[in-house]
Amino acid sequence: MSDFKRRDFIKLSTLSALPIIASATPFISYAREVKQPSKDSEAVYFINDGIFYRPTDFIEKLQEINSADPIERDSYGEGATLEKLLKKFIEITGKEAAVYVPTGTLANQLAISVLCGNNTKAFVQETSHVYRDEGDASQTLFNKRLIPLGEGKSHFTLEELQESIKYHKDGEAFVGGVGAISIETPVRRCSNQAVPLSEIKRISSWCKEQGYKMHLDGARLHMATAFTKSTVKEYASYFDTVYMCLYKYLGATGGAVICGDKSIIDQMHHLIKIHGGGIFTNWPSAAMALHHLNDIDEVMAKIIVKTKDLLNQFNQLKGLKFIAIENGTNQFNVSVDKGIDATKLNARLRAEHNIIFGQPREDGFVKIKVNPTLLRRDNKLIYESFKEAIAFAKI
């Protein structure tokens, strides 16, 4: 049995203290090896976009951050450590101002609403978080009409946007104005595919000519920049407002930041309050996010290099095939050979190697994501762990 290992009885028992005569009779015993609990802070996760700290690890990390640079308490999203975080976001986006918001949903909805003004229409990706995952907030709370484009795809083209705008202008008796265009990149519902930067440039240029405002749902924007070899500042330059998440890969327990012109951001403070988003103090998430934001570009660059090398090694594995995604960022599809029990493979990796892998989804692929936890272990060790687990899980 795999849980048992042959050991010399004398070494395992207190009988080693008996007279030497005891060794004259050979004793053989099987003893269950007691495994030490795996530390989550040492685990390699293939299922998250970033580091999702457990409470104990979060507290330890926060103490480390505080020792290096004492954390100061903010008041309702202003001042102290949170102010440092906002200044950092202003710096990396190149925008005039920034404001803290408790959730990404509220960030997206407030930005789109303010950009639209009295205009009622906002054009969005059909697969976007704004359209599919925010409880119809635009319609029910903000009196905005979301018009979806690019059904089932990660993005729409300039031509599709132009056609839809013309269709709604020409075909309605009482025409509501076009207020804003929202783009999410990368797109969670499309395997974290990035919207081609070339298409964003085309759409942005045309929208500026037409006087249409643009919002960027950049919850995972650092992934887009890293994998498309661009910068947050370049992406932000094509939009009037940018939302960025604090917990997807910055380690916070929640929170979001909206960046934009001062005239836009100045309107947000009152709107955040009346929609119940005024949180008394936010210093734990602010300190954690600021800590990771300071070196996120370097970390992402290391992840890309490490991922490329690891995938080259994984190509030698028999039974697993790692498949890149078109316009992909940090997510890959993994095909598991029919001769391997995927459940046993997943369990073995978790229990014996402290690697969290995942199970095949509806399309038959295991969806994996690379993130900063990949940097916790040498690629050779990760490869050997998979090799052993595959051998164990063979049917």
Side-chain angles (χ1 to χ4, degrees), residues 74-78 82-83 85-90 92-125 128-148 176-185 188 204 207 211-221 232 235-236 238-248 250 252 254-282 285-286 289:
D74 64 288
S75 177
Y76 290 102
E78 296 184 356
L82 187 49
E83 190 66 29
L85 178 67
L86 295 179
K87 288 181 178 178
K88 184 65 177 178
F89 272 108
I90 291 171
I92 66 173
T93 61
K95 298 299 185 184
E96 291 181 344
V99 64
Y100 173 83
V101 187
T103 70
T105 292
L106 187 58
N108 280 330
Q109 295 299 325
L110 291 184
I112 291 171
S113 177
V114 170
L115 291 180
C116 281
N118 292 326
N119 296 307
T120 56
K121 290 186 178 72
F123 291 78
V124 301
Q125 296 135 297
S128 67
H129 193 280
V130 167
Y131 188 70
R132 298 289 296 275
D133 301 297
E134 298 187 0
D136 294 336
S138 291
Q139 297 91 315
T140 56
L141 291 179
F142 298 96
N143 299 314
K144 304 305 176 189
R145 178 182 172 191
L146 297 184
I147 298 175
V178 177
I181 286 82
S182 174
I183 293 177
E184 173 188 343
T185 189
R188 180 184 65 82
S204 175
C207 285
Y212 303 146
K213 302 296 183 181
M214 290 191 65
H215 170 66
L216 173 59
D217 178 345
R220 298 170 173 83
L221 186 55
V232 169
Y235 271 87
Y238 304 119
F239 296 84
D240 297 279
T241 53
V242 181
Y243 141 60
M244 298 183 74
C245 180
L246 301 188
Y247 75 85
K248 293 290 190 298
L250 295 180
V257 170
I258 311 172
C259 301
D261 290 344
K262 189 174 184 299
S263 60
I264 295 173
I265 300 302
D266 282 349
Q267 300 177 54
M268 298 296 179
H269 301 277
H270 177 68
L271 293 172
I272 291 168
K273 179 65 176 177
I274 65 174
H275 285 93
I279 308 299
F280 172 54
T281 188
N282 311 273
S285 286

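Numbers here are sequence positions counted from 1.
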Below 4.5 Å, heavy atoms only, C-beta onward: do [X] and [Y] meet side chain to side chain?
{"X": "Asp74", "Y": "Glu83", "value": "no"}
{"X": "Leu250", "Y": "Met244", "value": "no"}
{"X": "Leu85", "Y": "Leu246", "value": "yes"}
{"X": "Lys95", "Y": "Ile265", "value": "no"}
{"X": "Glu134", "Y": "Asn108", "value": "yes"}
{"X": "His275", "Y": "Leu110", "value": "yes"}
{"X": "Val178", "Y": "Phe123", "value": "yes"}
{"X": "Leu141", "Y": "Gln109", "value": "no"}

For this session: Tell me, yes or no, whether the heavy-atom count around Tyr238 atom OH, taken from other residues, nucleotides or ligands under 6.0 Å, exceeds 12.
Result: yes
For this session: Would you indicate whether Phe142, at its atom CZ, is surrounded by more than 12 heavy atoms from other residues, nucleotides or ligands within a distance under 6.0 Å?
Result: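 Above 12, so yes.
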Can you measure from [atom1] ([X]) to [atom2] ([Y]) and round to the nearest 0.5 angstrom?
{"X": "Arg220", "Y": "Thr185", "atom1": "CZ", "atom2": "OG1", "result": "11.0 Å"}
{"X": "Met214", "Y": "Thr241", "atom1": "CE", "atom2": "OG1", "result": "9.5 Å"}
{"X": "His215", "Y": "Asp240", "atom1": "NE2", "atom2": "CG", "result": "10.5 Å"}
{"X": "Glu78", "Y": "Asn282", "atom1": "CD", "atom2": "CG", "result": "10.5 Å"}
{"X": "Ile147", "Y": "Tyr131", "atom1": "CD1", "atom2": "OH", "result": "9.5 Å"}
{"X": "Gln267", "Y": "Asp261", "atom1": "CD", "atom2": "CG", "result": "11.0 Å"}

Backbone of [Y] reached by a side-chain donor or acceptor of [X] within 3.5 Å:
{"X": "Lys144", "Y": "Gly117", "result": "yes"}
{"X": "Thr281", "Y": "Ser75", "result": "no"}
{"X": "Glu184", "Y": "His129", "result": "yes"}

Exercise. Of all heavy-atom pairs between Ala180 and Leu115, which one has the smallest distance, and what is that distance?
Worked result: CB-CB, 4.1 Å
